[in-house]
Asker: 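Here you go, one structure.
In listed order, ligands and their atoms are each counted from 1.
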Amino acid sequence: MSKIKRVVIVGGTHGNEITGIYLVKKFERSPDLIQRSSFESVTLIGNPQACAIGKRYVDTDLNRCFLSQDLENPSLTSYEAQQAKIIHQTFGFQGSQPADFVIDLHSSTANMGLSIILGNENLLNISLAAYLTSINPKVKILYSTSQHKVRPHLDSICEFGCTLEVGAVAQNVLDAALFQETEAIIQEILDYLEAYNQGTPPLTKDTINVYHSIETIDYPRNELGEIQAMIHPQLQFKDYQPLHPGEPMFLTFEGKEIVYDGELTVYPVFINEAAYYEKAIAMCITQLSHRKVNSQ
Ligand SMILES: [Zn+2]
């Protein structure tokens, strides 16, 4: 594999996830923190207008604007569609400053802990994720490709990279512990890439736990589309915990339990994510697999 020459650290892809925004501002005040000898690190506020108003987005979700057909579609003129095109033209594969590795910083109201979301299981991404789990047991690896292998996310502008999803923290709120843990992971990623460029990546475990996103589940709704039940208290904040068939998922306003009626034990994540109510997602369902690191 070729060397990493440019790393792009993005905060504020969602304007109300301020851990990443304040980390990027910190790195812009003190660029030495993210520089390494073998590559250049640059920072980016993904959605400046959304950050200015403290909202997830202005017109539409920037982190769903990076499908190649949308980037090439001149009739898409929303603020975020234009912003995605600018980011792609700058840091994309054929951009003016192509990124070799993207770190996209997000936070979640769900109990995502320190999640590394990979859209691509290439050897560098997997080896890096394995390294991060080996030095910090709180790190979870979430694999989020769709069946069609096309993703609309910002980190898809280059082959290597990840989205960091930390939580639980409310929108527009800073949590000092999560801020510091996120910063530490960024430093560990940069150190890993430096060692990788120098041909001496640290050894890691040879098998890792990977949570594969397989489907999303919406809230129970009536014919008008109104939510009819809440996340069950036993499931709240239980991201990455096993959910067995027959266990409660939702609780109606009348107090009736609705159970998980699948046949397999699964591992829900993004449980009760505030930003996903509008996307008709109450949680994402994952399956746990044990993956060998040194095989593609
Ligand atoms: Zn986000």
Side-chain angles (χ1 to χ4, degrees), residues 8-27 43-67 70 78-81 83-84 86-88 91 99 102-120 129 139-146 151-158 161-175 178-179 181-183 185-186 189 211 213 216 237 239-240 268-284 286:
V8 179
I9 302 171
V10 189
T13 297
H14 293 136
N16 56 7
E17 298 175 2
I18 63 175
T19 306
I21 297 168
Y22 279 92
L23 274 167
V24 162
K25 287 182 178 181
K26 175 175 176 176
F27 296 147
T43 54
L44 173 71
I45 294 292
N47 194 331
Q49 285 195 14
C51 295
I53 58 173
K55 297 228 159 99
R56 183 174 174 90
Y57 55 78
V58 177
D59 295 322
T60 190
D61 189 337
L62 176 64
N63 209 27
R64 303 293 183 272
C65 288
F66 288 87
L67 288 176
D70 292 343
S78 69
Y79 171 69
E80 278 81 10
Q83 190 67 12
I86 292 169
I87 292 169
H88 184 253
F91 296 115
V102 171
I103 306 170
D104 192 19
L105 305 174
H106 290 253
S107 63
S108 174
T109 65
N111 190 18
M112 297 299 284
L114 305 174
S115 293
I116 309 289
I117 305 181
L118 302 178
N120 183 330
V139 170
K140 297 273 197 296
I141 306 170
L142 180 59
Y143 185 44
S144 87
T145 52
S146 70
R151 298 171 66 247
H153 305 106
L154 187 150
D155 68 6
S156 65
I157 62 170
C158 77
C162 60
T163 295
L164 287 188
E165 192 75 65
V166 303
V169 61
Q171 295 172 339
N172 288 313
V173 166
L174 282 166
D175 177 295
L178 271 179
F179 181 97
E181 289 177 308
T182 307
E183 183 175 11
I185 289 183
I186 295 167
I189 291 173
Y211 296 82
S213 190
T216 61
F237 294 130
D239 302 74
Y240 293 107
V269 297
F270 287 112
I271 299 168
N272 214 358
E273 163 56 52
Y276 288 177
Y277 278 70
E278 68 175 27
K279 296 184 193 294
I281 296 173
M283 67 194 77
C284 297
T286 75

Asker: Is it true that Glu80 and Arg64 have a side-chain N and a carboxylate O under 4.0 angstrom from each other?
Answerer: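 Salt bridge: no.
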Asker: Starting from the Zn ion (ligand 1), look over the N/O/S atoms of His14 and name the nearest one.
Answerer: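 Result: ND1.
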Asker: Just checking: Glu17, one of its N/O/S atoms, less than 2.8 Å away from the Zn ion (ligand 1), yes or no?
Answerer: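 Yes, Glu17 qualifies, because one of its backbone or side-chain N, O or S atoms lies under 2.8 Å.
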Asker: Does a salt bridge link Lys279 with Glu273, judged by any charged N lying under 4.0 Å from a carboxylate O?
Answerer: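 Looking at Glu273 together with Lys279, the answer is no, because their closest N to O distance does not fall below 4.0 Å.
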Asker: Any chance OH of Tyr277 has more than 12 other-residue heavy atoms, nucleotides or ligands included, within less than 6.0 Å?
Answerer: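 Check passes, neighbour count above 12.
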Asker: Tell me whether Tyr22 at atom OH has more than 12 heavy atoms from other residues, nucleotides or ligands lying less than 6.0 Å away.
Answerer: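 No, OH of Tyr22 has 12 or fewer neighbouring heavy atoms, counting only those of other groups under 6.0 Å.
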Asker: In His106, which N, O or S atom comes closest to the Zn ion (ligand 1)?
Answerer: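 In His106, the N, O or S atom with the shortest distance to the Zn ion (ligand 1) is ND1.
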